[in-house]
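Working notes, structure below.
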Protein chains: 2
Amino acid sequence: MNIGEAAKASGISAKMIRHYEGIGLIDQSHRSPAGYRIYSKNDLHTLSFVKSARSLGFSLDQIKQLLSLWQDRERASSDVKALALSHIKELDDKIAELSAMRNLLQNLTTECHGDDRAECPILQGLEQPCVGASTKKT
Amino acid sequence: MNIGEAAKASGISAKMIRHYEGIGLIDQSHRSPAGYRIYSKNDLHTLSFVKSARSLGFSLDQIKQLLSLWQDRERASSDVKALALSHIKELDDKIAELSAMRNLLQNLTTECHGDDRAECPILQGLEQPCVGASTKKT
DNA sequence: ATTGACCTTACCACAATGGTAAGGTCAAGG
DNA sequence: CCTTGACCTTACCATTGTGGTAAGGTCAAT
C-alpha cells in the first residue's frame with residue numbers, strides 16, 4: 001500500500017505521514033525498489049492510533065509517549081491514565097480560558113447597539129486596561 | 001519613555017512591541033537621536049488597546065481592523081459588533097471542539113482502572129477509528 | 001574610564017500543518 | 001516504444017504568536 005492509500009485510509013495526509021516519520025514519531029516505513037513508501041496493515045493500525053490521539057487533541061509529544069505505552073505489553077494502565085488526566089486538565093484549562101474571553105466579549109457586545117453610530121461600548125471596553133488579564137501560556 | 005518602560009506599562013513585551021511595529025500593526029515609533037524608540041502617552045494608549053484585544057483572543061489581523069475602526073471617528077458601531085460577533089463564534093467553535101475532546105477522553109479515562117495492570121480502555125479506545133472525527137481547522 | 005543596564009538589529013526556534021517546485025516511477029493506451 | 005497522467009520522492013518556504021540569543025551601540029553613575 002502506497003502512502004496515498006495509507007493517507008486516505010488513516011485520515012492523515014501524506015504530507016503529515018512523511019513528517020511523522022521524519023521526526024521519529026512513527027518508524028521508518030519499508031520502501032519499494034523505487035523508493036516508494038510501503039505500508040502494511042500493521043502500519044495502518046499505528047497511523048489510525050495516531051489519528052485518534054490527534055483527534056483527542058494530544059500533542060505529537062504526548063502521542064509519542066502513548067505509542068510507546070501502547071506497544072509495551074508490560075505497561076501499567078496507571079501510566080496511560082496519568083497521561084490522559086494530564087491532557088484533560090490541559091483541555092479544561094484551555095476551555096476555561098476561552099470561556100472567560102467569550103464571556104467578557106459577550107458582555108461588551110450585548111451592550112453595543114450595533115448601528116451606524118460611532119459610539120461603541122466594545123471599543124470603549126478595549127480601551128480600559130482591566131479587560132481581562134488572562135492570556136496564560138498553555 | 002523607552003521601550004522597556006512601555007513594555008512594563010502596557011504588559012506587552014519589548015520583543016512583541018518591536019514585532020508589532022515591524023508587521024505594521026502599530027505605527028513606527030519616534031526615535032531618539034541615538035535610535036532608541038520613544039513612546040508617548042498616546043502610543044501607550046494604543047499598546048494597551050492591543051493588549052486588551054489580545055487578552056480577548058483576537059488575532060493580530062483582527063486587531064488591525066479593530067485599531068482602524070477605533071481610530072476612525074466615522075465608524076459605524078455595527079462594524080465593530082460584527083467583528084466581535086465573528087470572534088465570539090470562533091471562540092464558541094473552539095470551545096465546542098475542545099469540550100467534545102474532553103468528554104470523549106473523560107469517558108475513556110473513567111473506564112480505566114489505572115493500576116499496574118496492562119489492560120487499558122484508553123489505549124483500546126484509541127485503537128478504534130471511531131474516537132471522534134472532529135479536528136476541523138479553525 | 002569602566003561597569004551595568006538598557007537599547008538596536010538580525011537571526012533561529014517552537015508546533016503542526018499546508019504549499020510548491022523539480023524531479024523520478026509506473027500503468028495504461030496509442 | 002513512447003506519451004500521458006497520476007502517483008511518488010526530497011527540499012524548501014509559509015503560517016501564528018512568542019521567545020531566545022548574539023553582536024553591538026548608548027547612557028548614567030561611579
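Below, chains carry the letters A, B, ... as their sequence lines are ordered, and counting in each starts from 1. This structure is a prediction, so every number in the text was calculated from the model and none was measured.
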On the nucleotide C/dC7, are OP1 or OP2 found under 4.0 Å from the side-chain N or O atoms that B/Arg18 carries? no
Tell me, yes or no, whether the heavy-atom count around A/Asp27 atom CG, taken from other residues, nucleotides or ligands under 6.0 Å, exceeds 12. no
How close or far is atom P of C/dA15 from atom CD of A/Gln62, stated in whole angstroms? 12 Å
For A/Ser13 and C/dG18, is the shortest distance between a side-chain N/O and OP1 or OP2 below 4.0 Å? yes
Starting at CD1 of B/Ile38 and ending at P of C/dT8, how long is that distance when rounded to a whole Å? 9 Å
Phosphate OP1/OP2 of C/dA16 contacted by A/Tyr20 side-chain N/O (<4.0 Å): no
Distance check needed: D/dA6 P versus A/Lys8 NZ, whole Å only. 12 Å
Between the side chains of A/Glu90 and A/Gln62, is a donor N or O closer than 3.5 angstrom to an acceptor N or O? yes
Between the side-chain atoms of A/Tyr36 and the base atoms of C/dG24, is any donor-acceptor pair under 3.5 Å? yes
d(NE2, B/His19; C1', C/dT9) in whole Å: 15 Å
Tell me whether the side-chain N/O atoms of B/Arg37 come closer than 4.0 Å to OP1 or OP2 in C/dT9. yes
Residue pair B/Glu21 / B/Ser29, side-chain donor-acceptor N/O under 3.5 Å: yes
Toward the 5' end of DNA chain D, which comes first, A/Ala34 or B/Ser59, by nearest nucleotide? A/Ala34
Whole angstroms only, please: what is the CD-C1' distance between A/Glu5 and C/dC26? 13 Å
For B/Met16 and C/dC7, give me the distance from atom CE to atom C1', rounded to whole Å. 17 Å
Distance in angstrom units between A/Asp61 CG and C/dA16 P, rounded: 8 Å
Donor-acceptor under 3.5 Å (A/Asp72 side chain, A/Leu69 main chain): no
For the side chain of B/Leu60, counting heavy atoms from C-beta on, which of C/dC7, D/dT9, D/dG17 is nearest? D/dG17
Tell me whether the side-chain N/O atoms of B/Arg31 come closer than 4.0 Å to OP1 or OP2 in C/dC7. no
Rounded to whole Å, the CG-C1' distance (A/Leu25 to C/dT17) equals 14 Å
Does atom NE2 (A/His30) have a neighbourhood of more than 12 heavy atoms from anything else shown, all under 6.0 Å? no
